[in-house]
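Reading through the structure tokens given below for one structure.
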Amino acid sequence: MNQSSFSRRPHIGEKVRVSFEFFPPKTDEMEARLWETVRRLDQLRPEFVSVTYGAGGSTRERTARTVRRILTDSRLTPAAHLTCVDAVRGEIDEVIAEFARMGVRRFVALRGDPAEGVGVRYRPPEGGYANAAELVAALGRAGTFDISVAAYPEKHPESPDFATDIDMLKRKVDGGATRAITQFFFDNDLFERYVERVRRAGIYVPIVPGILPVHNFWQVAGFSARCGTHIPAWLAERFAGLQADPQTHALVAAAVAAEQVLDLVERGVSDFHFYTMNRADLAFAICHMIGIRAPVPAASESASAAAA
Ligand code: FAD
């Protein structure tokens, strides 16, 4: 496909909406960096921000802590991710109730991956929810929530074919999910074809592209191989030789992500979910390019900031 959309005029407008994804920090240093990121991205007034959820009690507690702090220390609306991994139904229902008591009204409902990691076949725990569709149903029984689920433009690695994959998406939407956020991808043609397939299957909720700004191409390439995302040759070529040149890598990453998002805007996409990796810069710059901007400080404020 032709990704060079800079020569075309993107329909940049106010109707573009964004959400940002964070992961719960493990150390004080990571926590400080996350909060710098949250404060910066807060200025862009995203529709919501989401916090990922991992296996194991301590990771889950970190998710809850991060969501609670977003509720108390920012203007942002948090969405808590939830997975079915390694917990019986009653435990998950209690986690949902706890989030609801905290004031959480949005969830991203996921099955999760086995403890051994992405790519290993998932076996549901005995007495647990078997898949994300069952988790969506549990959320529906627990209250009235805005529920997002995952979607896979290149199909989930465990799905034998697109029909099986989209059938699972349909079960999640029929159960009450109101939005699907995609796995990251780099080929917009694949995304467009996927959305067409989804619509043909009678699924009409927004399919929001998950955009991964490439902070480290080689890490992303390794992860892509495990989660079934195709790395186009042109993308590998752009980062080739930049292992020891982080500055140029960052500039190329910004250009690649901006190009992808502008092309999607051109194709009519109006909602974007950014996998921020808890870093603000690339997401902030791309949002600027699609017209989502921080308020410009009044002239007197900017003059005193410059003088300080
Ligand atoms: P499901 O919708 O239940 O299933 C996914 C696909 O697997 C289906 O399309 C289905 O066709 C196929 N499948 C499932 N079971 C079978 C089977 N028995 N036979 C054949 N096919 C089968 N992971 C985390 O741990 N924490 C997170 O916070 C997190 N956040 C995410 C956010 C987004 C936006 C996305 C896209 C992914 C996220 N993930 C997260 C990763 C996710 O947990 C994995 O991709 C997981 O492998 C599948 O989860 P799911 O909710 O899509 O599962």
Side-chain angles (χ1 to χ4, degrees), residues 18-25 48-57 59-60 62-64 66-67 78-87 92 95 99 104 106-125 128-139 146-185 191 194 197-198 201 203 205-212 223-229 271-278:
V18 293
S19 52
F20 300 117
E21 182 171 309
F22 305 126
F23 62 86
F48 65 92
V49 296
S50 76
V51 182
T52 62
Y53 187 86
T59 353
R60 286 169 191 179
R62 280 200 295 273
T63 302
T66 306
V67 168
H81 290 216
L82 272 184
T83 73
C84 312
V85 174
D86 207 17
I92 295 177
V95 174
F99 275 123
V104 173
R106 284 178 181 260
F107 288 93
V108 182
L110 304 140
R111 186 198 68 187
D113 286 308
E116 298 80 24
V118 184
V120 177
R121 189 158 193 85
Y122 181 77
R123 284 181 208 293
Y129 293 119
N131 51 46
E134 291 192 5
L135 182 56
V136 168
L139 281 162
D146 175 287
I147 306 170
S148 301
V149 291
Y152 300 88
E154 299 178 61
K155 81 176 182 58
H156 187 276
E158 278 175 49
S159 295
D161 48 44
F162 273 103
T164 313
D165 198 75
I166 290 173
D167 190 50
M168 177 61 89
L169 179 62
K170 186 150 176 35
R171 284 178 59 193
K172 296 190 278 194
V173 170
D174 289 347
T178 49
R179 172 189 309 96
I181 302 172
T182 77
Q183 182 61 279
F184 68 90
F185 61 93
F191 172 78
Y194 174 75
R197 281 190 165 112
V198 164
I203 301 168
V205 297
I207 308 294
V208 180
I211 303 296
L212 180 68
F223 187 64
S224 297
R226 291 195 297 282
C227 69
T229 295
D271 294 77
F272 294 91
H273 183 78
F274 288 93
Y275 295 107
T276 67
M277 308 308 287
N278 293 3

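Note that the coordinates shown come from a computational prediction; the quantities given were computed from them, not determined experimentally. Whatever order the structure lists them in is the order used to number ligands and atoms, beginning at 1.
Note that CZ of Arg179 and OG of Ser19 are 7.0 Å apart. Values are rounded to the nearest 0.5 Å. Interatomic distance, CZ of Phe162 versus CZ of Arg197, reported as 4.5 Å (0.5 Å rounding). The CZ atom of Phe22 lies 7.0 Å from the CG atom of Asn278; values are rounded to the nearest 0.5 Å. Taking CD of Glu158 as the start and CE of Met168 as the end, the distance is 9.5 Å to the nearest 0.5 Å. Taking CZ of Phe20 as the reference point, atom OG1 of Thr276 lies at 8.0 Å (rounded to 0.5 Å).
In Lys155, neither the side chain nor the backbone holds a heavy atom less than 4.0 Å from any atom of ligand 1. For Thr83, every heavy-atom contact with ligand 1 shorter than 4.0 Å involves the side chain, none the backbone. At a heavy-atom cutoff of 4.0 Å, ligand 1 is contacted by no atom of Arg171, backbone or side chain. Using a 4.0 Å cut-off between heavy atoms, His156 contacts ligand 1 through its side chain alone, with no backbone atom that close.
Considering backbone and side-chain atoms together, Met168 places no N or O closer than 3.5 Å to any N or O of ligand 1. Close N/O approach between Glu158 and ligand 1 is found [any backbone or side-chain N/O within under 3.5 Å]. Here's the thing with Glu21: none of its N/O atoms is less than 3.5 angstrom from an N/O atom of ligand 1. Looking at ligand 1, you won't find any N or O of Asn131 less than 3.5 Å from one of its N or O atoms.
At the shortest separation from atom 41 (C) of ligand 1 among protein heavy atoms lies Asp113 OD2, 4.0 Å. Counting protein heavy atoms only, atom 3 (O) of ligand 1 is closest to Ala132 N, 2.9 Å. Looking from atom 9 (O) of ligand 1 to the surrounding protein, the closest heavy atom is Asp165 OD1, 2.8 Å. The nearest protein atom to atom 29 (C) of ligand 1, hydrogens excluded, is given as Leu110 CD1, 3.3 Å; this is a heavy-atom distance. With hydrogens left out, the protein atom closest to atom 24 (C) of ligand 1 is Tyr53 O, 3.5 Å, a heavy atom. The nearest protein atom to atom 34 (C) of ligand 1, hydrogens excluded, is given as Tyr275 OH, 3.2 Å; this is a heavy-atom distance.
Nearest to atom 12 (C) of ligand 1 by heavy-atom distance, out of Ala163, Ser159, Gly228, is Ser159. If you check each of Arg123, Lys172, Arg111, Glu134 against atom 51 (O) of ligand 1, the one with the closest non-hydrogen atom is Arg111.
Looking at every heavy atom in both residues, Ala87 comes nearest to Pro125 through O-CG, 3.7 Å. Minimum interatomic distance between Val136 and Gly176 (heavy atoms only, all atoms of both residues): CG1-N, 3.9 Å. Among all heavy-atom pairs drawn from Arg111 and Thr83, the shortest one is O-CB, 3.6 Å. The shortest non-hydrogen separation linking Ala177 to Val149 is CB-CG1, 3.7 Å. Among all heavy-atom pairs drawn from Arg60 and Val85, the shortest one is NH2-O, 2.7 Å.
Residue Ala150 approaches ligand 1 through these ligand atoms, each under 4.0 Å from one of its heavy atoms: 35 (C), 36 (C), 52 (O). Listed by number with element, the atoms of ligand 1 under 4.0 Å from a non-hydrogen atom of Arg121 are 17 (C), 18 (N), 19 (N), 20 (C). For ligand 1, the atoms sitting less than 4.0 Å from at least one non-hydrogen atom of Thr52 are 28 (O), numbered in the order shown with element in parentheses. Taking a cut-off of under 4.0 Å to the non-hydrogen atoms of Ile181, the atoms of ligand 1 that pass are 34 (C), 36 (C). Annotation for ligand 1: atoms under 4.0 Å from non-hydrogen atoms of Thr164 are 11 (O). Annotation for ligand 1: atoms under 4.0 Å from non-hydrogen atoms of Gln183 are 36 (C).
Relative ring orientation between Phe223 and Phe184 is described as parallel, the plane-to-plane angle staying below 30° on a 0-90° scale split at 30° and 60°.
Within the structure, ligand 1 lacks His273 among the residues with a heavy atom less than 4.0 angstrom away. Look at Tyr152 and you'll find a heavy atom under 4.0 Å from some atom of ligand 1. The shortest separation from a heavy atom of Gly112 to ligand 1 is under 4.0 Å, placing the residue in contact.
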Problem - Trace of the side-chain contact (heavy atoms from CB on, under 4.5 Å) decision for Leu82 with Tyr129 - result: CA-CA 11 Å; Leu82 272 184; Tyr129 293 119; over 6 Å; no
Exercise for the section: For the pair His81 and Ser50, evaluate side-chain hydrogen bond (donor to acceptor under 3.5 Å, both in side chains) and give the outcome as yes or no after the intermediate values. Expected result: CA-CA 7 Å; His81 290 216; Ser50 76; 2.7 Å; yes
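By the side chain to side chain contact (heavy atoms under 4.5 Å, CB included) test, Pro124 is found to be paired with Tyr122, Ala130, residues two or more places apart in sequence or in another chain being considered.
Counting only N and O atoms by type, the side chains of Thr164 and Asp167 include no donor and acceptor under 3.5 Å apart.
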